[in-house]
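Counting from 1, the numbers follow the sequence of the chain as shown. Computation of the quantities below employed the complete heavy-atom set of this structure, encompassing side-chain atoms and omitting hydrogens, waters and symmetry-equivalent molecules.
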Amino acid sequence: MSAIKDRTHDFYSNTWTAADGWKPSPEYREKVLSLDPKSKNDPFRASIVWLRQIEAIDEQDEATIRELTEERNRLAHELRNVLGGTIEHDFESLFPKLVHLVAKIDRWWIVNVDIATDPDLAGEEFDEDGVTPGSLMLLQVLNQVALGNDEDAWELYHAFASAHEDANF
């Protein structure tokens, strides 16, 4: 999940080149990668620990991440059997969990980093629950499309496009 490791990596990045993109500072290795419980400097595992430390996620969220990761690994290793229908999967119950996690983590970043460091917005009062990350809107559209709710998907898409237009992006 890029919401977990990419944002953390980018947060600790301080140089950029066209050839390599963002490069993390030494602080990233010290404050994030060193947290990997298996001591292998794995960005995903280390970022989960870091997110727990800063209270962006809680113990239940961490358990959900483990559940989703295990299912992703199981499905990836058994893809032929999944596509052939010989292995059961439960996308309907797992997808909402994924959406909840992505929204929670993205909302935390928006409120505690993006807004907090924007000189025009710093110090302003915001209803955190009213902050809707673009990633959440996209996942909601995908969910509606996957479930065959075309009308609901178009409604969400138009709401997203309107919000995007209103924000002058």
Enter the distance from D36:CG to N41:CG here, rounded to the nearest 0.5 Å.
6.5 Å
I'd like to know whether CD of E55 has more than 12 heavy-atom contacts from other residues, nucleotides or ligands below 6.0 angstrom.
no
Option passing side-chain contact (heavy atoms from CB on, under 4.5 Å) with I4 (candidates V102, L101, I105, T69):
I105
Can you give me the closest heavy-atom contact between H9 and Y28, atom names plus distance?
CA-CE1, 3.6 Å
Taking C-beta and beyond as the side chain, do K38 and D42 meet within less than 4.5 Å on heavy atoms?
no
Go through the steps to decide whether W16 and K23 satisfy the test side-chain contact (heavy atoms from CB on, under 4.5 Å), and finish with yes or no.
CA-CA 6 Å; W16 185 87; K23 289 290 189 186; over 6 Å; no
Verdict with reasoning, E62 to D58, per side-chain contact (heavy atoms from CB on, under 4.5 Å):
CA-CA 6 Å; E62 188 174 1; D58 58 27; over 6 Å; no
Counting only N and O atoms by type, is there a donor-acceptor contact under 3.5 Å from the side chain of S25 to the main-chain atoms of S13?
no
Interatomic distance, L35 atom CG to I48 atom CD1 [nearest 0.5 angstrom]
11.5 Å
Is it the case that the side chains of E70 and N73 hold a donor-acceptor pair, with the cut-off being a distance below 3.5 Å and no angle test?
no
Shortest non-hydrogen contact between K104 and A56, atoms and distance
CE-O, 3.5 Å
Quick one: are I57 and I65 in side-chain contact, heavy atoms under 4.5 Å?
yes
T8 versus P43: any side-chain heavy-atom pair under 4.5 Å?
no
Do the ring planes of W108 and W50 sit parallel (below 30°), tilted (30 to 60°) or perpendicular (above 60°)?
perpendicular
I'd like to check D61 versus H100 (side-chain heavy atoms, cut-off strictly below 4.5 Å). Are they in contact?
yes
Would you indicate whether the side-chain heavy atoms of W109 and D10 approach each other to under 4.5 Å?
no
Working note: R7 + D106, criterion side-chain contact (heavy atoms from CB on, under 4.5 Å); need CA distance, chi angles, decisive distance, verdict.
CA-CA 9 Å; R7 282 209 183 228; D106 281 355; 3.5 Å; yes
Could you tell me whether R29 atom CZ has more than 12 heavy atoms of other residues or ligands within 6.0 Å of it?
no
Less than 4.5 Å apart, any side-chain heavy atom of V49 and any of R52?
no
Just wondering, do L75 and E71 contact through their side chains at under 4.5 Å, heavy atoms?
yes
Spacing of NZ belonging to K5 relative to CG belonging to L33, to within rounding of 0.5 Å
11.0 Å
Can you tell me how far CZ of R74 sits from CZ of R72, rounded to the nearest 0.5 angstrom?
12.5 Å
So CZ of F11 and OG of S47: to nearest 0.5 Å the spacing works out to 12.0 Å
Quick one: are T17 and W22 in side-chain contact, heavy atoms under 4.5 Å?
no
Hey, what do you get for CG (L94) to CD (E67), rounding to the nearest 0.5 Å?
5.5 Å
